[in-house]
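Each remark here refers to the structure printed beneath this line.
Computed from a prediction, not measured in an experiment: that's the story for all the values here. All residue numbers refer to positions in the sequence shown, counting from 1.
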Amino acid sequence: MAELTGVPYQNVKWQDIDGQPFGVGVGYNGMILGNLESIVDMEGPVAVQGNVTSNRGMSIGFGRMGKQTLPYSATDVRFLSGGNVDIADSLTVTGNVLTARDAFKVGSKSTYIIGSDASANQRQTLAQLYAANGSPYWEPAQQGTNYLISSYDVPRRIPAARVGANVPAFFSDARKSFEGWMNFFASLKAEGETRRSDYGYRLTGTNPLQNLFDLEWPKEGSIVGNIALNVPKGSVNIVRIYSGEQMTVSTPLWGEEALAKNTIFVLMNARSVRLDFPTAIYGSVFAPDTQWNAFTTGGNINGNAVLSGLWVQQGSGFELHWFPFAGGIVTGAGTEEGEPTCPACPSCPPQKECPACPPSTICPSCPPQKECPACPVCPPQKACPVCPTCPPQKECPACPPCPPCPACPPCPAPFITPGVIAGCITACGQCQWRVKLYDTAARQTLSVWQHCGSGCFSFEASAAGTYALEIENCNRYLLTLSNVGVQSLCIRK
């Protein structure tokens with residue numbers, strides 16, 4: 001199966017996958033069944049059932065180390081939200097953004113990069129999907145083979161109702177699936193060896209297909225040292241962690257990078273995790289009933305993460321990295337030694353007899369129809385009056401000849417010089433001001449003009465481009481534009 005990177009906006013539906021506890025959610029770096037707060041970066045897509053809030057910006061789906069290891073997609077939803085969204089700075093996503101609620105607020109520099117589907121009408125389709133009450137001149141911009149959806153005028157996203165997406169049903173079905181997997185994990189027998197070492201814990205398994213380990217976590221405090229795995233190459237590794245409801249993590253390392261896609265850590269009874277150390281977790285975290293709290297220490301989960309909520313303290317660098325779980329869990333494994341066997345099917349409950357149908361009722365007789373009243377007699381028509389005779393028309397006098405037009409004076413030089421943006425700033429006092437010319441399509445600063453006190457500036461640019469002037473440092477001033485020779489220009493402070 002090809003690597004999943006989100007669900008298509010035309011089919012936002014949950015699907016289970018054999019041997020894959022994350023189901024179709026394996027295409028999401030984070031499946032958050034509550035609220036997501038203040039995370040800065042997820043290398044993969046994210047799906048949030050609750051609200052998304054941040055006083056910072058957010059980067060979603062740029063792949064390992066920001067090198068775009070995820071393919072661009074024309075249809076995949078890489079940012080899915082069932083609640084309100086309030087992000088103070090830019091939301092940057094390599095894929096579609098779809099939300100169930102209308103409360104959607106992101107920074108004006110937010111941009112979504114959509115892959116090409118090679119169709120002739122893709123720009124028109126994207127314009128319809130992301131239509132909002134913004135500028136009448138807004139449209140998706142093309143960048144190479146991709147399209148850019150910008151929010152320079154108003155925050156833009158695909159409303160779930162516009163494409164018939166039932167986002168609450170998606171998360172409801174996901175929760176039921178995760179509950180079934182938690183019961184399955186609880187029923188398995190641990191066969192791997194968990195041993196305390198000088199450097200932490202060493203988990204040793206010999207099964208080439210699947211190894212299951214149990215790790216007891218202190219109910220107060222944290223284990224000391226690393227969690228290391230000694231298993232055959234390619235085996236699926238399940239680590240069940242038993243702790244108190246409040247779990248504190250201050251260990252440096254869980255697992256190793258080479259095993260990350262085949263390792264899953266299952267939090268069996270933790271309801272809240274406090275991350276007090278920049279822990280690097282190489283493997284997926286399966287904890288649908290656990291709120292994860294990351295403090296200013298940073299840290300990262302290198303795999304899929306199913307959590308009941310994710311809170312990141314302001315200033316923390318905690319991130320989710322893109323190591324999707326490979327699946328392949330042997331679901332037919334029993335608790336006894338020997339060949340795995342399927343559990344016996346439960347007996348069906350006895351069927352209840354249907355209640356007797358109520359006796360049919362006799363329809364009442366129709367009431368007699370009333371006779372129509374007689375039509376009234378129309379009064380006799382009056383004779384039309386005789387039209388008066390029109391008087392004869394008088395001939396119009398001949399028009400005098402028109403005087404010759406005076407010669408036109410020579411046309412003045414054009415007021416607007418194409419490709420030039422010029423103006424003056426009258427400052428209050430001798431403050432030093434700076435004017436930046438910003439290309440809104442390319443999202444970069446092209447030139448800077450700096451002066452102290454009152455003065456004038458001039459930039460050269462493409463007449464067909466869209467730009468913004470950003471004025472900095474001077475609090476009180478008067479801006480006068482003498483020439484605007486470009487297609488679009490806005491002023492920012």
Between Trp14 and Phe178, is the ring pair (Phe, Tyr, Trp, His ring centres under 6.0 Å) condition met? List the steps. CA-CA 12 Å; Trp14 180 261; Phe178 297 151; 5.5 Å; yes

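- The CG atom of Leu212 sits 9.5 Å away from atom CD1 of Ile329, with the distance rounded to the nearest 0.5 Å.
- The main-chain N or O of Gly134 is never found under 3.5 Å from a side-chain atom of Asp153 such that the two would form a donor-acceptor pair.
- Looking only at side-chain heavy atoms (C-beta outward), Ser243 and Asn269 come within less than 4.5 Å of each other.
- At distances below 3.5 Å, at least one donor-acceptor pair connects side-chain atoms of Gln122 with backbone N or O atoms of Asp117.
- Of the options Asn84, Asp86, Val97, Val154, a side chain to side chain contact (heavy atoms under 4.5 Å, CB included) to Phe104 is made by Val97 and by none of the others.
- Salt-bridge annotation for Asp102 and Arg157: present, with a side-chain N of the basic residue lying under 4.0 Å from a carboxylate O of the acidic one.
- When side chains are defined from C-beta on, Phe213 counts as touching Val231, because their heavy atoms get closer than 4.5 Å.
- Rounding to the nearest 0.5 angstrom, the gap separating the CG atom in Asn226 from the CH2 atom in Trp254 is 12.0 Å.
- Considering every non-hydrogen atom in both Gly95 and Arg78, the closest pair reads CA-CG, 3.5 Å.
- Here the closest heavy-atom approach between residue Ile264 and residue Phe22 is recorded as CD1-CE1, 3.8 Å.
- Summarising the local packing, CD of Gln143 is surrounded by 12 or fewer heavy atoms from other residues, nucleotides or ligands at distances under 6.0 Å.
- Judged by distance alone, the side chains of Asn293 and Ser272 do bring a donor and an acceptor atom under 3.5 Å apart.
- Heavy-atom minimum distance, Tyr9 versus Leu98: CB-CD1, 4.0 Å.
- How far CG of Leu437 is from CD1 of Ile421: 5.0 Å, rounded to the nearest 0.5 Å.
- You'll find the side chain of Phe79 reaches within 4.5 Å of the side chain of Val85, heavy atoms only.
- In this structure, the side chains of Val330 and Val236 stay at 4.5 Å or more apart for every pair of heavy atoms.
- Around CD of Gln450, the count of heavy atoms belonging to other residues, nucleotides or ligands within 6.0 Å exceeds 12.
- Considering CD of Glu256 and CG of Leu229, their distance stands at 7.0 Å, rounded to 0.5 Å.
- Between the side chain of Ser308 and the main chain of Gln291, a donor-acceptor pair closer than 3.5 Å is present.
- Remark: the backbone N or O of Gly61 is paired with a side-chain donor or acceptor of Thr94 at under 3.5 angstrom.
- Interatomic distance, Met247 CE to Arg274 CZ, rounded to the nearest 0.5 Å: 14.0 Å.
- A donor-acceptor pair under 3.5 Å is absent between the side-chain atoms of Asp289 and the main chain of Arg271, judged by distance alone.
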Asn302 vs Asn300, test: side-chain hydrogen bond (donor to acceptor under 3.5 Å, both in side chains). Steps then yes/no. CA-CA 6 Å; Asn302 297 273; Asn300 48 71; 2.7 Å; yes

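- A distance-only check finds no donor-acceptor pair linking the side chain of Asp41 to the backbone of Glu319 [under 3.5 Å].
- Checked by atom type and distance alone, the side chain of Arg123 never pairs as donor or acceptor with a backbone atom of Glu139 at under 3.5 Å.
- Between Tyr438 and Arg443 the shortest side-chain heavy-atom distance falls below 4.5 Å.
- Here the closest heavy-atom approach between residue Pro252 and residue Phe277 is recorded as CA-CE2, 3.5 Å.
- The shortest distance between side-chain heavy atoms of Tyr130 and Asn96 falls below 4.5 Å.
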Evaluate side-chain contact (heavy atoms from CB on, under 4.5 Å) for Ser462 paired with Tyr467, printing each intermediate quantity in order. CA-CA 9 Å; Ser462 172; Tyr467 303 93; 3.3 Å; yes

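- Between the side chain of Asn35 and the main chain of Gly50, no donor-acceptor pair closer than 3.5 Å is present.
- The minimum heavy-atom distance between Thr251 and Ser222, with the atom names listed, is CG2-OG, 3.7 Å.
- Judged by distance alone, the side chain of Trp217 and the main-chain N or O of Thr248 form a donor-acceptor pair under 3.5 Å.
- Residue Ile60 holds its CD1 atom at 8.5 Å from CG of Leu320, rounded to the nearest 0.5 Å.
- Counted within 6.0 Å of CG on Asp18, heavy atoms from surrounding residues, nucleotides or ligands total 12 or fewer; the atom is thus considered open.
- Between Trp449 and Phe459, the two ring planes are perpendicular [angle over 60°; tilted spans 30° to 60°].
- Checked against Leu310 for a side chain to side chain contact (heavy atoms under 4.5 Å, CB included), the options Leu36, Thr290, Val48 give a single hit: Leu36.
- Relative ring orientation between Phe184 and Trp181 is described as perpendicular, the plane-to-plane angle rising above 60° on a 0-90° scale split at 30° and 60°.
- Put simply, the side chain of Tyr152 reaches to within 4.5 Å of the side chain of Ser135, judged on heavy atoms.
- Put simply, the side chain of Ile114 does not reach to within 4.5 Å of the side chain of Pro140, judged on heavy atoms.
- Summarising the geometry of Ile32 relative to Phe171, their closest heavy-atom pair is O-CE2, 4.3 Å, with the distance given to 0.1 Å.
- Not less than 2.5 angstrom separates the SG atom of Cys431 from that of Cys452.
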List the steps and the verdict of side-chain contact (heavy atoms from CB on, under 4.5 Å) for Leu215 and Ile223. CA-CA 10 Å; Leu215 180 60; Ile223 66 171; 4.3 Å; yes

Under the ring pair (Phe, Tyr, Trp, His ring centres under 6.0 Å) criterion, do Trp433 and Tyr477 qualify, and how do the steps go? CA-CA 9 Å; Trp433 50 266; Tyr477 60 88; 8.5 Å; no

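- Thr263 contributes no side-chain N or O that, together with a main-chain N or O of Ala260, makes up a donor-acceptor pair within less than 3.5 Å.
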